[in-house]
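This report concerns only the one structure given below.
All chains are named by letter (A, B, ...) in the order of the sequence lines, taking the proteins before the strands, and each is independently numbered beginning at 1.
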Amino acid sequence: MRDTYGRALRTGAVVAAGMALLAACSPGDGGGDGKPPRSTPSTSASGTPTPSPTASGRVVTLDPKKAPRTAAEAKRLALAVVAGPDAWGPEYVERSPFLSAPGSWPVLDEQCTWEAGSLPGSVLYSVTSYSEIPAAGGKGVVRVAATVTIHRTGSDAGWEMAETLEEALRCTDQRLSEGERISGLTSVSPPYDEHSTTDDLIVERGSYLNDAFEKPQFYTWFQTRIGQVSFATVIKGAPGYTEANITDAQVRANVIMQDRVKKQWGAQS
Amino acid sequence: MQPLKKADPSSIAGYRLLGRLGAGGMGVVYLARSAGGALAALKLIRAEHATDPGFRERFRREARAAERITGRWVVRVLGADPEAREPWLATEYVPGPSLAEAVALHGALPEPTVRALGARLADALADMHTAGLVHRDVKPGNVLLALDGPRLIDFGIARTAGATALTATDAMIGTPGFLAPEQARVAGAGEVGPASDVFSLGCVLAYALTGRRPFGTGGVASVVYRTVHEEPDLDGLPGPLLPLVEACLAKDAADRPGTVEVRDALGPHEGPAAGDWLPTGLPALIAQRSSRVLDLPVADPTVLNPGETQGTSRRRLLVLGAAGAVAGTGGLTAWLLGRDQGTGPGGGTGGGTGAPKAAYTLGVLTDLSGPGKADGRAQERGLRLAAETFNARADRPFDLILKVTDDGGAPERAAAGARTLLRDPALVAVLGPTTTETAVGAANALVDARVPVLGVVPSVADGVIRGQTPARTYFEVRPYPDVMSAPFGRYLTEHGLGRTAVIEDRAAGTYSWLAARNLKDSPPAGGTVTVHRVAADSEDFGPAVRAALATSPTGVMYLGKSPRRAALCAKALLRQGYEGPRGSVEPALQPEFLTVAGAAAEGWYFGAGYTDPDTVPAAKEFAAAYRRRWRLAVTDPVDRFAVESYDAVYWTVQALRTAVERNAKYPGAAMSYAFMEEHKTYQGVARSYHSRASQNSTTVLQGLTLWRITSGKPRCLGPYTEAAKRD
């Protein structure tokens, strides 16, 4: 399973990067025939004129000079990045409310219940967007969410990842809200190698228990980090869906958020 | 060959037994030496079978008939005793494969080979008919291929012409698909005469020339129905032989030529066939058979190919002898055992002491009869050509044996085929699946043994194949499908066309949605992309096209998987007067697009993950060899995926060299590792490849080509980066 996520993540990122190269001129174009370059590389990624033969998916790091300094700057960036239905897939629509309230920061208490908390000082801005596949054709409603959190430093973001991992170890059963629980949570962090496209990756899986559903469904939480930004995508399963046919979207939405950040904030490595 | 067992007799009726060629339910077939020193195959029936009166009667009949058959091109029966407590029958020993095996391993045979084969079979039948006998079961499994010509076998149901002793148990005698309409009708033995053998011979010739049964496969009833009522399928049969084969297959026995007529029409039949009468690869197979049977060093010079120098032949025999990747039972043994051809157990791998060369098996699981048969056949052709040219190289470090299985496009058949292949310890890789599902079926069955699967046509998402952690065993010799919009997108970029309108076909679900997304994220020429959706259940592209044209696009792209719906989109564009650049992606580039779109197809661009070797200088030689081998006209296009399949074989050879050097006991597992490490890249004749191409933003675009419909035909403009610059 960890490999599935790891590879899907890499592939998704690589396809995005490869497609971005399309907008770029081929080497030497515009030089020999006297014509001006025909394309305008709009972003750093797509501006790569000559992809290095060793280029992997990880061609972008965050440029410290472009980093947001204030909560307002971070908010503008986070709202531009967070994954809505257009990043999840053709069947998804917005839920209402679509975005989390500003300043919201859920915390897992001693009883393994999620409660409202206050935004830590190390976080510049965090936002969660909610989407779903509406119930149709005998299938239940699939609820998904995407969270982007911009920390002040990469180290702060690393600590958030560590806490996420710790939470699943501390509470294998968690109460999400009234009538909504997860149980049997396991958490893995795949080993990293030269093909990795992010700085960190955590996958959590468990059973999703909703009073509205007769049987337990799957629950997957997928969280990555690039520099001081963390990206989480979560899926709560529903009758009529299998984990295998839906986690692609979870990885894809995550990669799309990463790609958006790279475009806005990236630097050529 | 296996050594004799303790319970085996050392001699039978003066035949000294040398070893076991095979064993079956009814008895054992031995390699024996006659009192005169000739090699013989001796079948010994177990006593319990000999008590079955029907069985003994058939055995008697075979022995009696054989006494009257003395031609050069039959396997002569040297002696028999049907009345013994344990009946036995000894024949000449012919180590060659049956025609059925040869075609299964090699594919259709070249016309000169079939002429030489047919003339001699017709001669053998002419002798039989002169002696007043009808063979009644002429079929590929009953024709053995020796180095000097074919041998007809199995006279178990041969009858005196005109005999009327049909019984209930043998009401329909022969093998459906190769028997004549009058045999199929069970109208009465009186009608079954020499002309029936001519009909069967016609079927055998067609089979050898095309690799297909002229009346198809499937249930007995449907094959018989087609034999009686329908015209044979002779597509691809070479023109010069077509009238003769058609005459042999006349429904009315009276309209068929006689055996002598057929023989003389085919060419010379006397004396050994020319030394090179067999196509490349088969002599080696026969030599392999021979050498495995004959205790080394080879003593009998008759197994040497006269076309080769003594030194080469001997070396090859020695080497192949230690290998033995091909079925241990030759055609003759299989027949003597009453077993189907080509189902024998696999031999051992190479690496024995003093054996510098071995033979390894490449499994081919592909669709030769289902919806993907065009791509299946193209792959098979490319793979065969590669294996044949490789096996013809004097400096090759090992031989390659192709084992081809038709999966009909069904995943469960692919999985079953993979499991069958796994019984062969010399299996090193599997190629050829035509769909995602068959690729997954095959790869899942092979993953535990870590035998690599190379997909040339299908695409499988990461993580779908079971147990891909940590090793990978599935590799794609094709670009990732999510980047198929790149070639036309690049064309727009290169031409500075920045207003792209996308027709997103919702019938393609996530595929088209994602492709549209990727374009929006990376607009051609850094411009704008608008997306116009067509509902999955609608065939009316008019409104979406109207909305698209309202944006004054400088390029229109259909994103979907359906060639038919792409064609509907093309027609809507034409109707609404759009004449600017328009293009699509590989799944839509099928013949159906051209037939449905008609004139509206003209000028369309497509991105694809295969190439036309005629457009690649390094692949020119391949293209010429391919046309020669498969008898295509210079103007015929080389089938798509053929050159990539050819490259896949040579890539596999590279990996196999490394695996063999490691002295791997199971080279399949070592191969997977080699594909991931030392041989993750390969430069073929068509292009360069990367075993993990989708993991890297440069290699993910490797192998993409741009195509354009010109004069109603798809034409490859070459690798997309260069092609996109042209007007």
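- When the heavy atoms of residues 75-87 of chain A are compared with those of chain B, the residues falling under 4.5 Å are Pro85(A), Asp86(A), Ala87(A), listed by number.
- For Arg143(A), the salt bridge (charged side-chain N to carboxylate O under 4.0 Å, His left out) partners at least two apart in sequence or on another chain are Glu132(A).
- Note that the CG atom of Asp259(A) and the CG atom of Asn518(B) stand 8.5 Å from one another [nearest 0.5 Å].
- Within 6.0 Å of atom OH in Tyr682(B), more than 12 heavy atoms from other residues, nucleotides or ligands are found, so the atom counts as buried in its surroundings.
- Every residue two or more places apart in sequence or in another chain was checked for a side chain to side chain donor-acceptor pair (under 3.5 Å) with Arg95(A), and none qualifies.
- Atom NZ of Lys263(A) is separated from atom CG of Asp521(B) by 4.0 Å, given to the nearest 0.5 angstrom.
- The minimum heavy-atom distance linking Arg260(A) with Arg517(B) is given by the pair NH2-NH1, 3.9 Å.
- Heavy-atom distances place no part of Leu497(B) under 4.5 Å from chain A, backbone and side chain included.
- Nearest heavy atom pair, residue Trp513(B) against residue Trp88(A), reads CH2-C, 3.6 Å.
- Applying the salt bridge (charged side-chain N to carboxylate O under 4.0 Å, His left out) rule to Arg499(B) yields no partners; only residues at least two apart in sequence or on another chain are considered.
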